[in-house]
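Notes follow once the structure below has been shown.
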Amino acid sequence: MLLRIDGDRLTLTLQGAERLWALKLSPIVVPREHVTRAEAALPPATWRAIRAPGTAVPGLIKAGTYYTDRGKEFWYTVRSRKDNPLTIELDGESYRRLALTIDDSAGWAERINAWIKG
C-alpha cells in the first residue's frame, strides 16, 4: 500500500495482492478540500455492513468497499499491522472514510491533518 500527498491531492494506491483482496484496481485520489481529518484509530466495528466488493476473513483481513450506517467506506486492514490503524474522514467523495492499517499511522495522521490546514 502506498499513501502519498501530492500537492493538493491525497492518493492511496494498492499494490500486488492488495488489489486482488480489495477488488480495487485504480488508486483512490482525494482533493485536499474533501479530506476533513485523520486519526490513528479505526472506526468502531459494526455488524451492519455490506461488503461489495471485497474480502473479509475475521481477525486476518478486511479489504474493499463496505456499506454501513455511517455511509460507504473503504477498508484495508490486516492483522500483521493491527497496531497501526489510520482513519481518514472525507466529505463530498464517493467514500465517507478510508480505514487502513499502515506503517507509521500516527505520523500519517499528523501529516494529513497539517496538510489539511496548509
Side-chain angles (χ1 to χ4, degrees):
M1 175 183 322
L2 179 61
L3 188 60
R4 284 191 328 261
I5 295 173
D6 294 319
D8 285 341
R9 298 193 181 279
L10 177 74
T11 304
L12 172 66
T13 306
L14 300 179
Q15 300 176 323
E18 295 170 339
R19 295 169 56 176
L20 173 68
W21 296 122
L23 296 171
K24 183 75 175 158
L25 301 179
S26 59
I28 297 172
V29 181
V30 183
R32 182 192 325 233
E33 60 269 15
H34 293 186
V35 180
T36 59
R37 73 183 182 97
E39 69 175 309
L42 291 176
T46 178
W47 288 100
R48 290 179 285 179
I50 297 171
R51 181 183 70 245
T55 302
V57 177
L60 294 178
I61 187 170
K62 182 174 182 179
T65 300
Y66 288 78
Y67 295 87
T68 72
D69 55 351
R70 298 180 298 248
K72 184 179 173 185
E73 302 175 343
F74 180 81
W75 284 71
Y76 198 94
T77 60
V78 293
R79 180 178 174 188
S80 62
R81 291 188 294 224
K82 68 181 173 73
D83 294 332
N84 291 296
L86 176 65
T87 298
I88 304 168
E89 300 287 339
L90 308 175
D91 188 36
E93 288 291 315
S94 171
Y95 291 109
R96 176 73 183 95
R97 73 185 35 84
L98 308 176
L100 314 169
T101 50
I102 188 168
D103 292 336
D104 190 27
S105 59
W108 271 109
E110 285 181 34
R111 283 191 292 278
I112 291 168
N113 288 323
W115 172 72
I116 293 167
K117 295 174 185 173

Quick one: does any side-chain atom of [X] pair with a main-chain N or O of [Y] as donor and acceptor, under 3.5 Å?
X: Thr87; Y: Ala41; answer: yes
X: Arg96; Y: Asp91; answer: no
X: Asp8; Y: Pro31; answer: no
X: Thr36; Y: Glu89; answer: yes
X: Glu18; Y: Gln15; answer: yes
X: Arg32; Y: Arg9; answer: no
X: Arg81; Y: Asn84; answer: no

Going by atom types only, do Ser94 and Lys72 share a side-chain donor-acceptor pair under 3.5 Å?
yes
If we only count heavy atoms from C-beta on, is the [X] to [Y] side-chain gap below 4.5 Å?
X: Leu3; Y: Leu10; value: yes
X: Leu98; Y: Tyr76; value: no
X: Glu110; Y: Ile112; value: no
X: Tyr95; Y: Thr65; value: yes
X: Thr55; Y: Ile61; value: yes
X: Leu14; Y: Phe74; value: yes

Identify the two heavy atoms, one from Ala40 and one from Ala106, that lie closest to each other, and give their separation to 0.1 Å.
CB-CA, 3.8 Å
Which atom pair, heavy atoms only, marks the closest approach of Ser105 to Leu86?
O-CD1, 3.8 Å
Test: Asp104 and Arg111 ion pair at under 4.0 Å
yes
Salt bridge flag under 4.0 Å for residues Arg97 and Glu73
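Answer for the salt bridge query: yes.
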Other than Tyr66, what residues sit in its cluster of Ile, Leu, Val, Met, Phe, Trp and Tyr side chains whose heavy atoms are under 4.5 Å apart, directly or through others?
Leu42, Trp75
Same apolar cluster: [X] and [Y], side chain cutoff 4.5 Å:
X: Leu60; Y: Val78; answer: yes
X: Met1; Y: Val57; answer: yes
X: Leu100; Y: Tyr67; answer: no

[atom2] on [Y] to [atom1] on [X], rounded to 0.5 Å:
X: Thr11; Y: Arg4; atom1: OG1; atom2: CZ; result: 5.0 Å
X: Trp115; Y: Ile5; atom1: CH2; atom2: CD1; result: 6.0 Å
X: Ile50; Y: Thr68; atom1: CD1; atom2: OG1; result: 10.0 Å

Under 3.5 Å donor-acceptor pairs involving side-chain atoms of residues 20-28, not counting sequence neighbours:
none

Take atom CZ of Arg70 as the centre, draw a 6.0 Å sphere, and report whether it contains more than 12 heavy atoms from other residues, nucleotides or ligands.
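Enclosed.
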